[in-house]
Amino acid sequence: MAADIMYTIHFYVLFVLLTLRCSSSFIGNGENYRRNLSLELNPGLNSSLTPLPPGVGLLHVRALGKNNTLHYLLCSQGAPALLLVHTNSTSSKVKVDWPAFLVQNTTGSLKLTPESSVLYSNALVFTRLWEYDDVNDTAVPEHLPPSSFFQPYELQNFTWDDLNKTLDPMAHTALLCGRGASESFSNGSLCLKFSAFDVEGRDQGWPSLLHNANSSQLRVVLDGVVPRSNRSRFSLELQVVGGTQVMSRVDVLQSIDDEYTPSIFKVSQWVSSPVNSTSPVLGYAQWKPVAYRRPSPVFEDATPCRHSTPVPVAQLPPSGLVRAYFGGERQTTGLNMTFSITGDPFYNTTNYLSWTVLVGLGSPPVDSFSPLVLVIMAVGLGTPMLIILLGGVCVCVRKNRPQPQVYEPIN
Ligand SMILES: *[C@@H]1O[C@H](CO)[C@@H](O)[C@H](O)[C@H]1NC(C)=O
Ligand SMILES: *[C@@H]1O[C@H](CO)[C@@H](O)[C@H](O)[C@H]1NC(C)=O
Ligand SMILES: *[C@@H]1O[C@H](CO)[C@@H](O)[C@H](O)[C@H]1NC(C)=O
Ligand SMILES: *[C@@H]1O[C@H](CO)[C@@H](O)[C@H](O)[C@H]1NC(C)=O
Ligand SMILES: *[C@@H]1O[C@H](CO)[C@@H](O)[C@H](O)[C@H]1NC(C)=O
Ligand SMILES: *[C@@H]1O[C@H](CO)[C@@H](O)[C@H](O)[C@H]1NC(C)=O
Ligand SMILES: *[C@@H]1O[C@H](CO)[C@@H](O)[C@H](O)[C@H]1NC(C)=O
Ligand SMILES: *[C@@H]1O[C@H](CO)[C@@H](O)[C@H](O)[C@H]1NC(C)=O
Ligand SMILES: *[C@@H]1O[C@H](CO)[C@@H](O)[C@H](O)[C@H]1NC(C)=O
Ligand SMILES: *[C@@H]1O[C@H](CO)[C@@H](O)[C@H](O)[C@H]1NC(C)=O
Ligand SMILES: *[C@@H]1O[C@H](CO)[C@@H](O)[C@H](O)[C@H]1NC(C)=O
Ligand SMILES: *[C@@H]1O[C@H](CO)[C@@H](O)[C@H](O)[C@H]1NC(C)=O
């Protein structure tokens with residue numbers, strides 16, 4: 001019995017030690033992999049030879065690793081798009097034939113050279129913003145009659161601001177803001193805040209997605225748009241185009257830790273992986289199913305969101321970048337991200353929505369338990385165990401003592 005107890009205490013001590021070790025290794029993880037980032041606007045453009053039409057910009061981020069390079073290209077020609085290209089060379093370059101690129105009908109007017117170094121490419125395109133009148137507060141646009149929908153905002157027809165003004169080469173960020181032609185956008189905008197990352201880390205603001213050196217992030221903000229009904233809700237249509245393997249399924253993972261994104265215990269990832277699902281993921285878009293109704297949200301400003309099943313789309317999305325890089329025969333899939341659920345306030349209450357997505361190469365980052373949670377778990381699980389054990393010890397010790405005779409034998 002005593003040996004048993006010793007073992008258990010031993011085990012508990014080991015568990016606590018292991019926990020502390022794990023936590024410190026999580027803290028150290030940030031140093032594991034670093035890329036050298038450089039940002040460049042409109043690579044190779046001589047604007048005296050090829051003047052850019054207003055609102056067209058192409059941001060190129062080169063993320064140089066030890067033996068490979070990631071290229072991110074963010075483009076506002078047509079529907080805004082983020083293209084990710086992975087090459088196994090440290091000297092791969094973006095080459096743009098600007099006159100052809102601007103005509104938008106020439107495949108190959110943007111390429112990565114040498115072309116043989118390209119291992120993976122994938123583009124995420126923001127195609128449409130849907131608005132619907134949720135009269136019965138169901139928040140399920142799929143079940144609504146077409147008459148509930150307003151004319152969608154085609155993002156290809158938006159007027160986009162100059163990327164040059166918002167580019168921050170030191171922070172590796174840029175803000176791309178656009179407006180529709182209608183009255184609703186006279187004081188409002190749809191903005192994409194792009195961030196590229198050189199090391200592992202986490203954004204300050206919710207949802208505080210975990211990122212690494214193989215990922216970049218887009219925060220979509222719909223601010224100050226005048227809704228076309230009092231009970232308006234919005235959906236954002238996203239499309240992806242893949243080089244060899246298109247992102248075809250969305251996995252939803254559960255977590256029991258919501259420390260970084262309060263009240264959200266799920267993470268969704270739209271992954272590109274070969275039909276054989278045991279193979280590793282090649283690339284992904286990852287998000288937490290939550291949007292926020294204020295710029296500096298508190299707990300009550302969170303509103304859940306929901307994605308529709310990805311479906312094949314017959315045509316390439318209307319993005320100049322996608323047309324220039326991929327051309328004709330490519331697989332495209334799309335889904336709608338719907339913000340809010342039944343009972344949540346409508347858009348008119350704050351006229352603000354923000355939602356964040358991480359785009360990256362390889363397996364998506366996995367949230368691990370934070371050191372704080374691990375210590376709480378160790379204490380929480382270990383203490384009751386110790387108490388039970390000590391209780392058991394006392395009982396045993398008492399049982400084994402000779403019991404005083406209570407009843408006198410009757411003669
Ligand atoms: C752009 O083209 C003009 C006209 O050919 C030339 O004079 C100028 O040097 C070029 N600028 C750059 C930065 O290449
Ligand atoms: C990144 O740049 C630093 C200094 O400029 C250099 O020491 C380091 O080797 C570079 N890393 C890579 C992966 O190129
Ligand atoms: C590139 O570097 C990584 C880690 O530094 C290594 O695992 C991988 O095998 C290298 N790839 C090639 C093609 O050298
Ligand atoms: C692209 O458009 C231009 C002008 O609209 C036209 O002259 C050219 O033939 C087109 N090229 C292709 C490959 O369709
Ligand atoms: C890069 O990948 C291509 C295609 O997979 C291969 O032919 C080439 O040898 C690779 N280059 C290096 C430096 O690994
Ligand atoms: C709203 O609910 C009413 C009553 O249940 C129903 O008649 C109507 O069709 C619903 N409207 C929509 C747009 O679903
Ligand atoms: C958006 O632009 C496309 C192509 O330029 C055009 O065909 C379409 O009518 C426009 N849609 C709206 C709603 O303006
Ligand atoms: C961006 O703006 C700065 C100053 O406004 C200008 O000097 C620079 O040439 C611009 N860059 C591009 C690529 O347009
Ligand atoms: C936009 O803002 C201006 C000034 O604040 C205001 O006068 C105008 O009515 C607003 N427009 C809309 C459509 O809300
Ligand atoms: C938003 O719409 C709801 C539902 O019609 C209405 O009760 C509320 O007054 C509106 N709020 C604002 C700020 O307009
Ligand atoms: C997955 O691929 C492996 C080897 O590439 C193969 O042995 C296995 O049968 C495949 N599984 C499925 C479900 O296709
Ligand atoms: C998004 O929703 C709209 C409205 O319900 C629908 O017409 C469209 O086909 C959906 N797009 C995708 C990619 O599912």
Side-chain angles (χ1 to χ4, degrees), residues 53-56 75-81 102-105 123-136 138-160 177-190 220 222-242 246-250 268 270 272 285 287 289 291 305-323 330-341 347-353 355 357:
V56 173
C75 182
S76 59
Q77 187 178 37
L102 294 175
V103 175
Q104 289 197 60
N105 63 358
L124 175 67
V125 187
F126 297 83
T127 46
R128 285 186 190 91
L129 181 67
W130 295 89
E131 179 179 355
Y132 61 99
D133 187 6
D134 198 9
V135 278
N136 288 343
T138 59
V140 185
E142 291 88 337
H143 296 167
L144 292 178
S147 60
S148 297
F149 288 88
F150 296 100
Q151 174 95 27
Y153 294 112
E154 299 281 348
L155 301 190
Q156 60 171 312
N157 297 356
F158 271 34
T159 310
W160 299 98
C177 286
R179 272 153 221 93
S182 75
E183 266 288 284
S184 311
F185 276 89
S186 53
N187 289 334
S189 61
L190 177 89
V220 185
L222 185 66
D223 187 10
V225 175
V226 178
R228 288 173 277 183
S229 79
N230 266 347
R231 303 172 79 89
S232 278
R233 295 195 194 279
F234 288 91
S235 291
L236 185 64
E237 189 182 86
L238 308 173
Q239 296 188 9
V240 290
V241 185
V246 75
M247 300 193 320
S248 51
R249 62 163 211 273
V250 178
S268 306
W270 192 3
S272 134
W287 63 86
C305 49
R306 205 172 40 76
H307 64 269
S308 64
T309 313
V311 292
V313 178
Q315 282 184 324
L316 276 187
S319 145
L321 177 60
V322 166
R323 284 187 190 145
R330 296 298 181 151
Q331 261 187 300
T332 303
T333 58
L335 59 72
N336 282 321
M337 188 64 54
T338 297
F339 306 112
S340 259
I341 52 166
Y347 181 79
N348 75 347
T349 53
T350 57
N351 284 6
Y352 186 93
L353 268 180
W355 173 75
V357 58

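Whatever order the structure lists them in is the order used to number ligands and atoms, beginning at 1. Reckoned from all heavy atoms, side chains included, excluding hydrogens, waters and symmetry mates.
Atom CD of Gln331 has 12 or fewer heavy atoms from other residues, nucleotides or ligands within 6.0 Å.
Nearest to atom 11 (N) of ligand 9 among the protein's heavy atoms is Asn187 ND2, 2.9 Å. The nearest heavy-atom contact from the protein to atom 13 (C) of ligand 12 is Gly334 C, 3.5 Å. Nearest protein heavy-atom neighbour of atom 14 (O) of ligand 12: Asn336 ND2, 3.6 Å. The protein heavy atom nearest to atom 6 (C) of ligand 12 is Trp130 CZ2, 3.9 Å. At the shortest separation from atom 10 (C) of ligand 7 among protein heavy atoms lies Asn157 ND2, 2.3 Å.
Checking side-chain atoms of Arg323 against main-chain N and O of Leu316 turns up no donor-acceptor pair under 3.5 Å.
Checking atom 4 (C) of ligand 9 against the protein gives no heavy-atom contact under 4.0 Å.
Ring pair His307/Trp270: centre-to-centre distance not below 6.0 Å.
Contact annotation for Glu237 and ligand 12: only side-chain heavy atoms (C-beta onward) come within less than 4.0 Å of the ligand. At a 4.0 Å heavy-atom cut-off, ligand 12 touches Leu335 through the backbone alone.
Side-chain contact between Val226 and Glu183 is absent, with no heavy-atom pair separated by less than 4.5 Å.
Residue-ligand proximity, Ser186 to ligand 9, at heavy-atom distances under 4.0 Å covers atoms 11 (N), 12 (C), 13 (C). Below 4.0 Å from some heavy atom of Phe149 lie the following atoms of ligand 12, by number and element: 4 (C), 5 (O).
The one candidate from Phe126, Phe185, Trp130 that meets the ring-ring contact (aromatic ring centres under 6.0 Å, His included) condition with Tyr153 is Phe185.
Residue Ala139 comes nearest to Asp134 through the heavy atom pair N-OD2, 2.8 Å, listed as atom of the first residue, atom of the second, then distance. In plain terms, the two heavy atoms of Ser229 and Glu131 that are nearest each other are N-OE2, 3.9 Å.
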